Undergrad: 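What follows is a structure written as structure tokens; I'll ask about it next.
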Amino acid sequence: MTAKIAYADVEVGTELPAQRFPVTRATLVRYAGASGDFNPIHWNERFAREVGLPDVIAHGMFTMAEAVRVVTDWTGDPAAVVEYGVRFTKPVVVPNDDKGAVIEVSGKVAAKLDDHTVRVDLIALCDGQKVLGMSRAVVRLA
């Protein structure tokens with residue numbers, strides 16, 4: 001696969017389509033099984049509270065992966081991401097109800113780089129709070 005977005009068609013300031021990602025306790029259980037990360041802070045409310053958390057929280061790597069989907073969906077090719085990093089600023093608290101939490105992610109091309117690459121800066125929010133800081137991806141475009 002190759003990116004479907006052409007480097008020549010992108011300018012600094014180009015906004016990527018924003019997305020919303022619902023997260024429920026069931027989502028966390030499925031992610032724990034796939035990742036092998038069964039830390040009880042991600043599924044056991046009593047344990048999470050005993051260690052000082054407000055409730056069960058989403059896995060940081062899960063949150064990071066959901067955020068970069070904005071980029072991979074935009075490019076049409078997950079392999080177009082050549083570099084990606086974040087800082088975890090706040091946990092995504094996932095209540096035990098029918099709604100869970102929602103991670104809202106937006107992105108913007110912040111710089112055009114060499115070799116048909118661009119830097120995309122992402123903003124990831126949950127309940128209006130930034131959950132990822134310095135969230136940046138370098139992407140190779142067509």
Side-chain angles (χ1 to χ4, degrees), residues 1-5 7 9-142:
M1 294 179 78
T2 59
K4 297 177 182 177
I5 305 293
Y7 180 81
D9 295 338
V10 174
E11 300 297 329
V12 170
T14 298
E15 293 188 17
L16 283 60
Q19 294 189 52
R20 295 168 49 90
F21 302 102
V23 186
T24 64
R25 296 281 178 97
T27 308
L28 299 182
V29 170
R30 285 191 298 274
Y31 182 82
S35 68
D37 181 353
F38 293 100
N39 186 324
I41 63 173
H42 303 304
W43 57 270
N44 184 316
E45 187 174 328
R46 179 183 51 78
F47 184 86
R49 290 183 189 277
E50 284 176 0
V51 298
L53 295 167
D55 206 334
V56 164
I57 62 170
H59 303 73
M61 297 305 284
F62 170 81
T63 304
M64 188 176 174
E66 290 291 80
V68 82
R69 285 177 54 192
V70 167
V71 176
T72 60
D73 288 354
W74 176 65
T75 64
D77 180 10
V81 177
V82 296
E83 186 178 317
Y84 178 48
V86 306
R87 288 190 183 154
F88 300 105
T89 56
K90 290 204 180 293
V92 173
V93 178
V94 182
N96 190 18
D97 59 20
D98 294 337
K99 295 177 186 177
V102 176
I103 303 167
E104 299 175 82
V105 183
S106 59
K108 186 184 293 189
V109 174
K112 290 186 84 167
L113 308 170
D114 297 330
D115 197 24
H116 284 254
T117 60
V118 298
R119 190 186 87 218
V120 175
D121 291 353
L122 298 168
I123 297 173
L125 306 172
C126 184
D127 289 331
Q129 301 261 330
K130 208 174 202 186
V131 295
L132 298 176
M134 300 293 292
S135 184
R136 296 178 173 173
V138 174
V139 185
R140 180 162 288 111
L141 301 179

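As the structure is a computational prediction, the values presented were derived from the model and not from experiment.
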Undergrad: Report the distance from atom OG1 of T63 to atom CD1 of I57, rounding to the nearest 0.5 Å.
TA: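 The distance works out to 8.5 Å.
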Undergrad: Among V138, V81, L16, whose side-chain contact (heavy atoms from CB on, under 4.5 Å) with V120 holds?
TA: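 In the set V138, V81, L16, the residue that makes a side-chain contact (heavy atoms from CB on, under 4.5 Å) with V120 is L16.
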Undergrad: In Å, rounded to the nearest 0.5 Å, how long is the span from CG of L132 to CG of L122?
TA: 8.5 Å
Undergrad: What is the distance from atom CE of M64 to atom NE2 of H59, rounded to the nearest 0.5 Å?
TA: 15.0 Å
Undergrad: Residues two or more places apart in sequence or in another chain: which of them pass ring pair (Phe, Tyr, Trp, His ring centres under 6.0 Å) with F88?
TA: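 Ring pair (Phe, Tyr, Trp, His ring centres under 6.0 Å) check on F88 returns nothing, list empty.
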Undergrad: Which residue pairs satisfy the ring pair (Phe, Tyr, Trp, His ring centres under 6.0 Å) criterion with at least one member in residues 121-142, sequence neighbours excluded?
TA: none
Undergrad: When you measure from the side chain of W43 to the backbone N and O of F38, does any donor-acceptor pair fall under 3.5 Å?
TA: yes
Undergrad: Going by heavy atoms in the side chains, are V92 and F62 under 4.5 Å from each other?
TA: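 They are not in side-chain contact.
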Undergrad: Please report the shortest heavy-atom distance between T27 and P22, naming the atom on each side.
TA: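 For T27 versus P22, the nearest heavy atoms are OG1-O, 4.4 Å.
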Undergrad: What distance do D97 atom CG and R25 atom CZ have between them, rounded to the nearest 0.5 Å?
TA: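 So the gap between those two atoms works out to 8.5 Å.
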Undergrad: Which pairs count as ring pair (Phe, Tyr, Trp, His ring centres under 6.0 Å) when at least one residue sits in residues 118-142, sequence neighbours excluded?
TA: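 Every candidate ring pair (Phe, Tyr, Trp, His ring centres under 6.0 Å) pair involving residues 118-142 fails, so no pair, neighbours aside, qualifies.
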Undergrad: Keeping the roles fixed (side chain from Y7, backbone from D115), state whether a donor-acceptor pair exists under 3.5 Å.
TA: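 Absent.
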Undergrad: Let's go through V105 and E66 carefully: what are the C-alpha distance in whole Å and the side-chain angles of both, what is the deciding distance for side chain to side chain contact (heavy atoms under 4.5 Å, CB included) to 0.1 Å, and is it a yes or a no?
TA: CA-CA 8 Å; V105 183; E66 290 291 80; 5.8 Å; no
Undergrad: Please report the closest heavy-atom contact between V94 and A58, naming both atoms and the distance.
TA: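 Between these two residues, the closest heavy atoms are CG2-N, 4.1 Å.
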Undergrad: Is there a donor-acceptor contact under 3.5 Å from the side chain of T89 to the main chain of V131?
TA: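 Side chain of T89 to backbone of V131: a pair is present.
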Undergrad: Going by salt bridge (Lys or Arg N to Asp or Glu O under 4.0 Å), name the residues that satisfy it together with D127, two or more places apart in sequence or in a different chain.
TA: none
Undergrad: Return each pair, listed once, that meets side chain to side chain donor-acceptor pair (under 3.5 Å) where at least one residue sits in residues 73-84; pairs must be two or more places apart or across chains.
TA: Q19-D73
Undergrad: Drop me the distance from R87's CZ to R136's CZ, to the nearest 0.5 angstrom.
TA: 8.5 Å
Undergrad: The criterion is side chain to side chain contact (heavy atoms under 4.5 Å, CB included); which residues satisfy it with S35, sequence neighbours excluded?
TA: Y31, D37
Undergrad: If I take atom CD1 from residue I41 and atom CG from residue D55, how far apart are they, to the nearest 0.5 angstrom?
TA: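 Interatomic distance, I41 CD1 to D55 CG, rounded to 0.5 Å: 11.5 Å.
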Undergrad: Looking at V10 and K112, what are the two nearest heavy atoms and their distance?
TA: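 Of all heavy-atom pairs spanning V10 and K112, the closest is O-NZ, 2.8 Å.
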Undergrad: Taking R140's backbone N and O only, do any of them form a donor-acceptor pair with H116's side chain (distance below 3.5 Å, no angle check)?
TA: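 Side chain of H116 to backbone of R140: no pair is present.
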Undergrad: What are the two closest heavy atoms between A142 and A3, and how far apart are they?
TA: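 Heavy atoms only, the tightest pair is CB-O, 3.3 Å.
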Undergrad: If you compare all heavy atoms of A110 against all heavy atoms of D121, which two are closest, and at what distance to 0.1 Å?
TA: CB-OD2, 3.3 Å
